[in-house]
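These notes are about the structure you will find just below.
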Amino acid sequence: MTRNIVTALQENQDRILDQWVNQRELSEDFGGNFNSFDDLKAQSSELLTAVLENMTAENITDLYASDLEPLIEYVSGLTLSRAKQGFSPRETATYIFSLKDALLKVLGELITEDPKELYRSTLEISKFIDNIGIVSFETFIRGREEVILGQADEMAELSTPVIKVWEGIIAMPIIGTLDSARTQVVMENLLQGIVETESSIAILDISGVPAVDSLVAQHLIKTVNAIRLLGADCVISGIRPEIAQTVVHLGIDLSKMVTKATLASALRYAYGILQLEVRKAGKEKSNL
Amino acid sequence: MERIPILKMGKFLLVTIQVDLYDRLALTLEEDLIQMVHKTGARGVLIDISALSIVDSFMGKIIGNIAAMSSILDAETVVVGMQPAVAITLIELGLPLSGVHTALNVERGMALLAARMPEETDSEDVDDD
Amino acid sequence: MWTTTNQNKEQLSILHDRDVIICRNRIKEVAVKIGMGIVNQTKLITAVSELARNMLIYAGGGNVIVEVVARGREQGVKIVFEDKGPGIQDIAKAMQDGFTTGKSMGMGLPGAKRLVSEFNIESTVGKGTTIKIVKWKNG
């Protein structure tokens, strides 16, 4: 496309806008989503300005040109704000694509002498607007991805709660498979919990872990060692008989860790270390 | 030359490392500390690393050296206040610092050292300093 | 496989042991800027500390080039350590835990590798060594 045509389009911005919004007004999906015709016109004017201000004879065929960044940013912003207003991605894309009709119509009125030039320019504008539509779609998907990633983080966080069971004792039940990414979260939360509560004993309950293989055992050993570096002790509890069996069959050495069958026995062990005693109230009375 | 101050607290020595140590400073600390253990006849060394954002293999080696050397001079070493991220990194690096005792903070470290020396009475260290 | 996001390459020279700390602090700033969590930050700067010190001990110093890179949506920090030292004769051996030519604990290379997401080492005897590492924000 020649510079002259770009300039001519810029000079005819008002005409394109009129063309565009009037055609939008008539189309059926302009339902309740815009509050008024003025809103539609204001938004369309902004988008059109962004397109015409940034489009040049050079970058019209190269969407990755750095001078198109402001336009891409604007389209992303527009997509996000429309998504929040409840527009579907289809509606936003249709809205952007409808600009093409207006641009092409005015283009046809501007180039009357040279059909070859008209054909070439039409193709370029079509492709350019298509690309803007794609940018809008990508932004939409990215927004969704961010929500999904956020939820994944939240799930990891939720599945490893640190519980303060007594002054100086914290516990963390692990439910589900213990892979290396999960171990990192477990370690981080458990160690942070120890520092925050100034606990000297951490109980890691693995009743909810389906299987312990050598990799899981390695993760457990790492966690126990890291806890020791902080100056606290770790007890692994909730070891089911099947797990004890596989651990021995696989030749995994857990002898350097304190292991207990149940959370209750781990708690009893922890009380012992802290020199605490749990007694029945009545018994104590009768002793007095 | 810069030096890390070493405080004498009763029969223990306390070093609080406030800045990230470059290698030469760490070596100086190792030397000063061992001299001090010898001179004061200290029974325990507390190294507070709560302000350190990393412990790499060199720093790990210095801590290990201090513990081993002190042990020959009949003093026990406790590393206190290690940050969780530092502990996780050290384990991943392959340095579990097996030879040293650890404690959550200086207070717990003191208690740990005191508990490991039952043959001596606690009363002397209170007004010693 | 790495794409540069910006023209934000930075180069630092390691000539003294104090430079190792300056380098660590600068890389920590970069890691914080891209929103890396505290544990990954610590792992990254510990690896940097090991590799920068190695350069200092075995090659008398070298350059560190820092850059923010992106892989799809995820950002990371890429660091290149370049020295013109004697080079490493047997890389496989140098990557083994506990192997050392005597000046360190032998944790440097294998330890650093475990702390980062990607690790690449090239060395020519007599010419020098180049190590490239990448730590992804969530890696």
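Here is how names work: the chains are called A, B, and so on, in the same order as the sequence lines, proteins then strands, and each is numbered from 1. Computation of the quantities below employed the complete heavy-atom set of this structure, encompassing side-chain atoms and omitting hydrogens, waters and symmetry-equivalent molecules.
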Open item on the list: Between B/Glu92 and A/Lys222, does any side-chain N to carboxylate O distance fall below 4.0 Å?
Closed with: yes

- [ ] Pick one of side chain, backbone, both or neither for B/Gln83, based on which atoms fall under 4.5 Å of a heavy atom in chain A.
- [x] backbone

Open item on the list: Under a 4.0 Å threshold between the charged nitrogen and the carboxylate oxygen, would A/Arg228 count as salt-bridged to A/Asp233?
Closed with: no

Task: Pairs of heavy atoms under 4.5 Å with chain A: top-ranked of B/Ile88, B/Thr102, B/Val78, B/Leu97 - done: B/Thr102

Open item on the list: Can you confirm whether the side chains of A/Ser136 and A/Thr139 place a donor and an acceptor under 3.5 Å from each other?
Closed with: no

Open item on the list: Does any backbone or side-chain atom of A/Ser200 lie under 4.5 Å from a heavy atom of chain B? Answer side chain, backbone, both or neither.
Closed with: both

Open item on the list: Assess whether a salt bridge exists between B/Arg116 and B/Glu76, defined as any Lys/Arg side-chain N lying under 4.0 Å from an Asp/Glu carboxylate O.
Closed with: yes

